[in-house]
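Structure record follows, encoded as structure tokens.
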Amino acid sequence: MAETVRTYLDSISAARVVYVLFLAEFFIGPIGGLIGVVLAYVCRSDAPDGLVSHYRFQIRTFWIGWLYILIAFAAVVASIGFVRSDGFGLMLAAGSAGWMFGVIWTIVRCIKGLKYELREEPYPNPGTWLF
């Protein structure tokens, strides 16, 4: 019984660390997100049922967030081809807006996930693409 309680507490700590690493990614670079997603993958298999939804949500946050950022990066790179045309500003603005969306999207998801995790509740819809 004591071992089960200890495992649950360790899992809670690990889930919190993953959320914090995802948020720290904006300050320390992508290594924070990479460490976080690896930790989520490792801890997911041994996690209690209530935390499995958090790990699934965190893994999806990492991969979908990178997808959004790559799409924004592609728009910025595409804008380089439009340097001598009127499309340059539009593509650069689209890429910048896409990047900002990805950043805000990740921050909101992490804060919302932390809110549920701190209340020791499973994440209600870990398969969502939004929030």
Can any side-chain N or O of His54 pair as donor or acceptor with the backbone N or O of Glu121 at less than 3.5 Å? yes

Can you tell me if Arg60 uses its side chain to pair, donor with acceptor, with the backbone of Gly127 under 3.5 Å?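 Such a contact is found between Arg60 side chain and Gly127 backbone.
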
Could you list the donor-acceptor pairs under 3.5 angstrom formed between side-chain atoms of residues 61-70 and any protein atom two or more places apart in sequence or on another chain?
residue, atom, partner, partner atom, Å
Thr61, OG1, Phe57, O, 2.7
Thr61, OG1, Arg109, NE, 2.8
Thr61, OG1, Arg109, NH2, 3.1
Trp63, NE1, Tyr41, OH, 3.1

Residue pair Leu118, Arg16: steps toward the side-chain contact (heavy atoms from CB on, under 4.5 Å) verdict: CA-CA 8 Å; Leu118 289 171; Arg16 288 180 189 163; 3.4 Å; yes

If every non-hydrogen atom of [X] is compared with every non-hydrogen atom of [Y], which pair is closest and at what distance?
| X | Y | result |
| --- | --- | --- |
| Ile59 | Ala40 | CG1-CB, 3.8 Å |
| Ala15 | Leu51 | CB-CD2, 4.3 Å |
| Ala14 | Tyr55 | CB-OH, 3.4 Å |
| Ser53 | Pro126 | O-CB, 3.4 Å |

Count the heavy atoms belonging to other residues, nucleotides or ligands that lie under 6.0 Å from CG of Asp49, then report whether that count exceeds 12.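 12 or below, so no.
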
Is it the case that atom CH2 in Trp105 sees more than 12 heavy atoms from other parts of the structure closer than 6.0 Å?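 Buried by this count: over 12 neighbours within 6.0 Å.
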
Working note: Val37 + Gln58, criterion side-chain contact (heavy atoms from CB on, under 4.5 Å); need CA distance, chi angles, decisive distance, verdict. CA-CA 7 Å; Val37 77; Gln58 291 166 338; over 6 Å; no

Check against side-chain contact (heavy atoms from CB on, under 4.5 Å), Val17 and Ile35: CA-CA 10 Å; Val17 167; Ile35 293 170; over 6 Å; no

Side chain to side chain donor-acceptor pair (under 3.5 Å) with Tyr123: which residues, sequence neighbours excluded?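 For Tyr123, no residue satisfies side chain to side chain donor-acceptor pair (under 3.5 Å) once neighbours in sequence are set aside.
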
Looking at side-chain heavy atoms only, is the closest gap between Tyr116 and Pro122 below 4.5 Å? no

Side chains of Ile31 and Glu25: closer than 4.5 Å at any heavy-atom pair?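 No, side chains not in contact.
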
Walk me through whether Ile107 and Phe26 qualify under side-chain contact (heavy atoms from CB on, under 4.5 Å). CA-CA 9 Å; Ile107 291 170; Phe26 300 111; 3.7 Å; yes

Against Val18, only a single residue in Leu39, Leu114, Val38 fulfils side chain to side chain contact (heavy atoms under 4.5 Å, CB included); can you say which? Leu39

Atom NZ of Lys115 and atom SG of Cys110: how far apart are they, to the nearest 0.5 Å?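 Going from NZ on Lys115 over to SG on Cys110, the span is 14.0 Å.
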
Could you measure the distance from the CG atom of Leu23 to the OG1 atom of Thr106? Nearest 0.5 Å is fine.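 It comes to 9.0 Å.
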
Co-membership, hydrophobic cluster, residues Leu34 and Val20, 4.5 Å side-chain: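 No, Leu34 does not connect to Val20 through the hydrophobic network.
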
